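All remarks here apply to the structure that follows.
Every value quoted in this text rests on a predicted model; they were computed, and no experiment measured them. Numbers for residues simply follow the sequence, beginning at 1. Atoms considered below: every heavy atom in the structure, side chains included; atoms not considered: hydrogens, waters and symmetry mates.
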Amino acid sequence: MKQKILWADDEIDLLKPHMLFLRNKGYDVTTANNGRDALDLAMSEPFDLIILDENMPGLTGLETLSLIKQRLPHIPVIMITKSEEENIMDQAVGSKIADYLIKPVNPSQILIAIKKHLHAGQLVQEKTQRDYREDFGNLSMLINSADSIDDWYALYDRLVFREMELAGAGSSMDELLETQKKEADAEFYKWVRRRYEDWVPDGCTGPDAPLMSPRIFPSVVFPMLDAGEKVFFILIDNFRLDQWRTVKPLLADMFNMDERLYTSILPTATQYARNAIFSGLMPAQIEKLFPDLWIDEDSEEGKNINESPLIATQLERYRRNNKFSYTKINDSAGADRLLREFDRLEANDLNIIIFNFIDMMSHARTESKMIRELAATNAAYRDLTEAWFRHSSAIDVFRRIAAKGYKIVLTTDHGTIRVDTPVKVVGDRNTNTNLRYKLGKNLAYNARQVFEIKNPQRFGLPSPNVSTTYIFAARDEFFAYPNNYNYYVQYYTGTFQHGGISMEEMLVPLITLTPRKL
């Protein structure tokens, strides 16, 4: 079916060559020689795009544009004018025109503008699919050859880029990419199993260890403080690389950005990874040096209630006298309160802010059928993240910090992965409830399906009992108990979980935001 274009110009007879050109390109072109007729036609027939001359007698182009936008806001409008006056351009752009062309225009210019607004989706989809097909072999080769953490960072970055490009273009190739991501996660799991024990002794300070949770403050935050910067350390719980890329455009006009990835420790869960960040220690070291600040798995207390004291221990251990604040924000009221009291934060060298929304959304998605429907896919999950950030007070916190000229270190403690494959595990009543890792003394499982740690201390992990074993899920798997197995599997399949080994959980964003100078 031909796409219909309405073209209004008081000198329309002089544009017959343009009309012929567009008709030969397959468009159905209807003409009008004044704004009133154009408006009547637009209201009586369905058009895909409207072209308006700005300087028409009677109802001007701008007046016609305003009336069309009131009644038919979905139709793209291209404005053509002889005038280069800035105020006319401003009025047209302010009325949400699709494009603005200066006379004289040739047929090719008109065609390009039409294609941009009528065929952009199709053209982007075709180009995106073509690019992915060309990159498919390169990605497969990288999956099979990755042998350093930098290789995995680069591969994960490219997979996330392709995933978001295909999702944004409405491509049907996203299933192929999802299969490729699963292959990558399977190889990443094998690679981590071979390397992890070499990384974690002595607080992840070994020569082969990547930047990991306990080293974030010494490696990133402390050097900035030493340079005389006032630093805001903002941690968004459960924040993946693709979610960062979704909210990044909302901050682009405020900050210059230095992006990188770092590697979360295991388990990729708040109790372990976040406490490691704030203490600068592995969990076993926290338990040994500060037993009052470590909360065991079987305790009913919150697992992150001692974060501020742990920060203080790290500053003291490094003999730093930096004044700091710690704020945890669970809702918009908490962000509003921080904004009202922002002035008091300026006296500190370091201000630490935790946003828990994404973690709360992840849990709500598991428990709420409505939220599960809203975030049925990774793309929908990203969209909810973007909507939260755009419309909550969180973005106002970033604006206030930018306005004051302070730097931000933005990161997370771990990511999350959508789980779809159950793995049977048997444990006693003291076994923890996390779906991606388990620890206990009476676990029964297939050792070939898990990453098994029988000597927790060698991996920097506490050992509540002498026979404690940790097991970690791989890829998109989750642990399920044989009791009431079918219900359990149905309830948790398709939910977002963390704690195990995957690129999504372990390779997480670490961004330095420097305010743009106005």
Side-chain angles (χ1 to χ4, degrees), residues 116 120-140 142-143 146 151-185 188 236 238-253 255 257-262 264 357-358 361-362 365 374-391 394-395 398 410-412 414-420 475-476 494-498 502-511 513:
K116 184 165 64 173
Q122 176 189 346
L123 295 173
V124 168
Q125 183 184 90
E126 290 172 357
K127 177 69 162 58
T128 301
Q129 291 183 163
R130 185 165 60 250
D131 288 348
Y132 175 55
R133 281 195 295 268
E134 293 173 357
D135 202 23
F136 180 86
N138 294 329
L139 288 168
S140 295
L142 287 174
I143 290 170
D151 291 342
W152 285 108
Y153 288 158
L155 173 60
Y156 181 46
D157 186 277
R158 282 176 66 174
L159 287 169
V160 167
F161 172 76
R162 290 295 173 206
E163 178 184 18
M164 296 181 70
E165 287 283 290
L166 289 173
S171 171
S172 59
M173 298 182 72
D174 52 356
E175 290 185 8
L176 180 60
L177 178 65
E178 186 61 29
T179 299
Q180 199 165 40
K181 279 180 61 185
K182 289 182 178 181
E183 292 174 3
D185 263 331
F188 180 70
I236 300 177
N238 231 356
F239 193 47
R240 297 189 315 206
L241 178 61
D242 61 331
Q243 291 170 305
W244 155 245
R245 293 281 166 78
T246 300
V247 304
K248 176 181 175 180
L250 303 178
L251 298 173
D253 64 336
F255 297 96
M257 303 173 184
D258 180 17
E259 301 176 62
R260 62 192 293 192
L261 295 169
Y262 85 91
S264 172
F357 174 81
I358 297 176
M361 179 176 68
S362 177
R365 188 190 178 281
L374 288 173
T377 64
N378 279 316
Y381 194 47
R382 290 192 293 270
D383 288 345
L384 278 183
T385 302
E386 195 269 352
W388 158 69
F389 197 79
R390 178 186 295 274
H391 299 293
I395 195 168
F398 283 81
L410 172 63
T411 190
T412 187
H414 56 79
T416 187
I417 187 169
R418 179 185 163 122
V419 296
D420 291 299
R475 302 171 292 274
D476 64 345
T495 62
F496 289 94
Q497 303 292 335
H498 57 269
S502 67
M503 296 182 297
E504 291 88 337
E505 293 162 286
M506 291 189 71
L507 308 183
V508 288
L510 176 64
I511 305 103
L513 301 174

Salt bridge (Lys or Arg N to Asp or Glu O under 4.0 Å) partners for Asp258, two or more places apart: none
Pairing residues for Leu507 by the side-chain contact (heavy atoms from CB on, under 4.5 Å) criterion, not counting sequence neighbours: Ile149, Trp152, Tyr153, Tyr156, Phe188, Thr263, Met503
Results of side-chain hydrogen bond (donor to acceptor under 3.5 Å, both in side chains) for Tyr132 - residues two or more places apart only: Gln180
Test ring-ring contact (aromatic ring centres under 6.0 Å, His included) applied to Phe398 - qualifying residues, sequence neighbours left out: Phe389
Residues forming a side-chain contact (heavy atoms from CB on, under 4.5 Å) with Ser264, sequence neighbours excluded: Ser213, Thr268, Ala273, His414
Residues forming a side-chain hydrogen bond (donor to acceptor under 3.5 Å, both in side chains) with Arg133, sequence neighbours excluded: none
Any residue meeting side-chain contact (heavy atoms from CB on, under 4.5 Å) with Glu175, in chain and number order, not counting sequence neighbours: none
Set of side-chain hydrogen bond (donor to acceptor under 3.5 Å, both in side chains) partners for Glu259, sequence neighbours left out: Trp244, Arg245, Lys248
Partners meeting salt bridge (Lys or Arg N to Asp or Glu O under 4.0 Å) with Asp151 (sequence neighbours left out): none
Counterpart residues, side-chain hydrogen bond (donor to acceptor under 3.5 Å, both in side chains), relative to Thr385 (two or more places apart): Gln243
Side-chain donor/acceptor of Ser502 to backbone N/O of Arg475, under 3.5 Å: no
Under the salt bridge (Lys or Arg N to Asp or Glu O under 4.0 Å) test, residues paired with Asp242 that sit two or more places apart: Arg240, Arg382
Closest approach of Glu504 to Ile417 (non-hydrogen atoms, all atoms of both residues): OE1-CD1, 3.8 Å
Those residues that, when tested against Arg390, pass salt bridge (Lys or Arg N to Asp or Glu O under 4.0 Å) (two or more places apart): Glu386
